[in-house]
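Report on the structure given below.
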Amino acid sequence: MSSSTDQLQYIYSKRRREFGRRCSFKRNKTTLQVTLPTDLEYFRKNYILTNPVHCSAQTNGGDFSECDQVNTARPEFDDRGMNHVEGGWPKDLNPADPEQTLRFRKKVEKDEKYIHAILQLSHAVEHCILQNNALDIYETHLEAEVGGVQVEPLSARGLNVFQDPCHIKRPVHHISWAPDGGTRLAVSHCSLAFQHASHSELSSQTYIWHVEKPNQPDLTFRPPSAIVCLEYNQKDPNVLVSGFYDGRVACWDTRKGPEPVEMSPLEPSHRDPVHKALWMNSKTGTEFFSASTDGQVMWWDTRKLSEPSEVLILDPVKGQEQSLSRALGAVSLEYEPTIPTRFMVGTEMGVVINCNRKGKTPPEKMVCQYAAHLGPVYALQRNPAFVKNFLSVGDWSARVWSEDVRESSIISTGLGEWQLTDGCWSPTKFSAFYTTREDGRLDAWDLLQQRHRPVLSVKVCDATLRSIRAHEQGQLLAVGSDTGATYLYQVSDHLVVPHKNDKPMFTEMLERETRREKIVEARRREKRLKGKVRGDEGRQQGNQIRPSTEPLTFEQLAEDPLIAEAERHYFEIVQSLQDQEQKKEENGEEVNK
């Protein structure tokens, strides 16, 4: 610092890296920098008298950002509420007495002005409640433009096609979605047609595809035999289980390459192709069971695939020792994790067997049977919301069953023109399901709208559609064909998002149809019982009754049109005779009785 009589000059030095920093003030001891004697006449002439000026500064200012962003003020929220209590009682009424308050309420409710007052106040109260709970920004600005609820048309849009990379195309027999949000799906290719092609010429490779990469599979499995079914473990997206064409089962891990991690030996495995393999709800997450057309259901553990932990032979004959020669071949399985001990099996003969694993003997394990279809039961699945009702697909129809009714289905749909090959429920909309047909069409059904025709029918390809699987979110459908192509479709929100009253309406419909079938079933039993009683009486009296002809009951006689016509003609004759006699009596003539 230098000083002179003409001017005072201050020079500060600072490092370049400290440029732009805010000033940092410190408290130091008072020091005397310069002394100016005020009593000198020389200095007095150079002074300029000014009014006193006060200035204050503080170091604890506001914080400012160093980056190029706007600093906004922090919003302050305040929670407020109102506590509404019942009041307005007359002075001569004790609010603590329930009898007096009840009589006063009834008296007020009988007043004619009460309803009008409530209707007028309800709009204001409802407006206040809605204003407190939510704020609709489109309520005032776009109210005239919206004009009501717009109904989206039903549609299905194709997203991708995954082709079999092999030279000889093989049918898609099974599809499984990975539990990773719908990004991958496993597709198994296998030809089950007898002598369709030499299995030595066909490839046994199976693929895992990414839904956004249809040109090349993410992973290629190289099994020793063709894979008929391939199922993801819902608890681990890297583990899968499969059933082979030669009857063996295997466990796969996508992190360990294209070879199976564990595989069962040939001797204790199935004798026919394994059509279905499903994971079970267990503590370890390693148990699954498989079904084959050899008539056996086997339980396995991936930690020990040398032999099955349990075997069930689907022999429906009771009272005799179980035999594989009488067993019904299984082509479909159903397992609901919420009911860990129950499972269902669809057979080649069209019979659905409801099983309970808690049974001690094989007859106790096979609880009941349903005569579902005329041919193989290709699909079997419980409703996601109503587990007592299940869907079966076979021959030319898709049927909804109830466990309370055994003799017939409560709902039956189908066009009757083309054979159905597979089907599944919608995971999100409980009244909708999908079916595939031999003519290459995908049908969407909604039981709350119509039963006899699908609400949406899409022509996917010219070949037969063999399998279908819906994603857990309900919007994506994977459909496989006989030409080895897997089609990925996205359906409209109308088939995905349920409406407000869909569930109670569907519940009421299922209960109504169940009651109706119970009444029909009771009438059938009554007819059989009456026919049996009449047959026994006829045999005791010596009448000859054909063993193949069941005697007619009173209900059957009443339903016969010829008998009804004869009965009507008889009563007309009787009525005409009574009218003639009445006329004779009025005329005073003698009546012959």
Can you name the closest pair of heavy atoms from [X] and [Y] and give their distance?
X	Y	result
Ile227	Cys190	O-CB, 3.4 Å
Ile410	Ser402	CG2-CB, 4.1 Å
Tyr378	Gln419	OH-NE2, 3.5 Å
Leu312	Gln322	CD1-NE2, 4.5 Å
Arg441	Ser457	NH1-OG, 3.3 Å
Thr220	Gln205	CG2-OE1, 3.6 Å

Check whether more than 12 heavy atoms from other residues, nucleotides or ligands sit under 6.0 Å from atom [atom1] of [X], and answer yes or no.
X	atom1	answer
Glu259	CD	yes
Arg516	CZ	yes
Asp180	CG	yes
Lys360	NZ	no
Met280	CE	yes
Arg453	CZ	no

The test is side-chain contact (heavy atoms from CB on, under 4.5 Å); show your working for Thr436 and Val460 and say whether it passes. CA-CA 10 Å; Thr436 55; Val460 179; over 6 Å; no
Please test Phe390 against Gln381 for side-chain contact (heavy atoms from CB on, under 4.5 Å), starting from the C-alpha separation and ending with a verdict. CA-CA 5 Å; Phe390 60 92; Gln381 187 181 8; over 6 Å; no
Residues 331-350 vs ring pair (Phe, Tyr, Trp, His ring centres under 6.0 Å), sequence neighbours excluded, gives Phe289-Tyr335, Phe289-Phe343, Trp299-Phe343
Approximate separation, where rounding is to 0.5 Å, of [X] [atom1] and [Y] [atom2]:
X	Y	atom1	atom2	value
Cys355	Met344	SG	CE	8.5 Å
Tyr434	Ser426	OH	OG	4.5 Å
Leu420	Leu465	CG	CG	11.0 Å
Phe433	Asp443	CZ	CG	9.5 Å
Leu391	Leu380	CG	CG	8.0 Å
Ser309	Met298	OG	CE	10.5 Å

Quick one: does [X]'s side chain get under 4.5 Å of [Y]'s, heavy atoms only?
X	Y	answer
Thr293	Pro273	yes
Glu403	Arg382	yes
Ile411	Met509	yes
Gln473	Thr428	no
Val249	Ser269	no
Lys235	Asn281	yes
Pro308	Pro268	yes
Val211	Leu159	no

Taking the basic N atoms (NZ, or NE/NH1/NH2) and the acidic carboxylate oxygens, is any pair closer than 4.0 Å for [X] and [Y]?
X	Y	result
Lys518	Glu521	no
Asp164	Arg170	yes
Lys365	Glu310	yes

Taking distance alone, no hydrogens or angles, what donor-acceptor pairs closer than 3.5 Å link side-chain atoms of residues 496-508 to residues at least two apart or in another chain?
unit_1	atom_1	unit_2	atom_2	d
Asp502	OD2	His499	N	3.0
Thr507	OG1	Lys503	O	2.7

Taking only residues two or more places apart in sequence, or in another chain, which ones meet Ala463 in a side-chain contact (heavy atoms from CB on, under 4.5 Å)? Cys461, Thr483
Return yes if some donor-acceptor pair links the side-chain N/O of [X] with the main-chain N/O of [Y] below 3.5 Å, else return no.
X	Y	answer
Ser204	Pro223	yes
Asp422	Ile468	yes
Ser176	Tyr232	yes
Lys276	Cys229	no
His174	Val228	no
Glu336	Ile339	no
Trp209	Val187	no
Ser292	Asp272	yes
Ser492	Leu154	no
Arg469	Ile175	yes

What is the ring orientation for Phe430 with Phe386, classed by angle as parallel under 30°, tilted 30 to 60°, or perpendicular over 60°? perpendicular
Kindly assign one of parallel, tilted or perpendicular to the pair Trp252 and Phe221, based on the angle between their ring planes and the thresholds 30° and 60°. parallel
Could you check Met263 against Phe244 for side-chain contact (heavy atoms from CB on, under 4.5 Å), going step by step and ending with a plain yes or no? CA-CA 10 Å; Met263 188 167 52; Phe244 293 155; 3.3 Å; yes
Derivation of the side-chain hydrogen bond (donor to acceptor under 3.5 Å, both in side chains) call for Thr286 and Asp301: CA-CA 6 Å; Thr286 58; Asp301 194 326; 2.9 Å; yes
Go through the steps to decide whether Asn356 and Glu364 satisfy the test side-chain contact (heavy atoms from CB on, under 4.5 Å), and finish with yes or no. CA-CA 8 Å; Asn356 187 358; Glu364 293 179 357; over 6 Å; no
Would you tell me whether [X] and [Y] have side-chain atoms, one donor and one acceptor, within less than 3.5 Å of each other?
X	Y	value
Thr206	Ser188	no
Glu262	Thr302	no
His373	Asp395	yes

Take His494 and Gln449 through the test side-chain hydrogen bond (donor to acceptor under 3.5 Å, both in side chains) and record every step on the way to the result. CA-CA 12 Å; His494 186 76; Gln449 295 189 17; 2.7 Å; yes
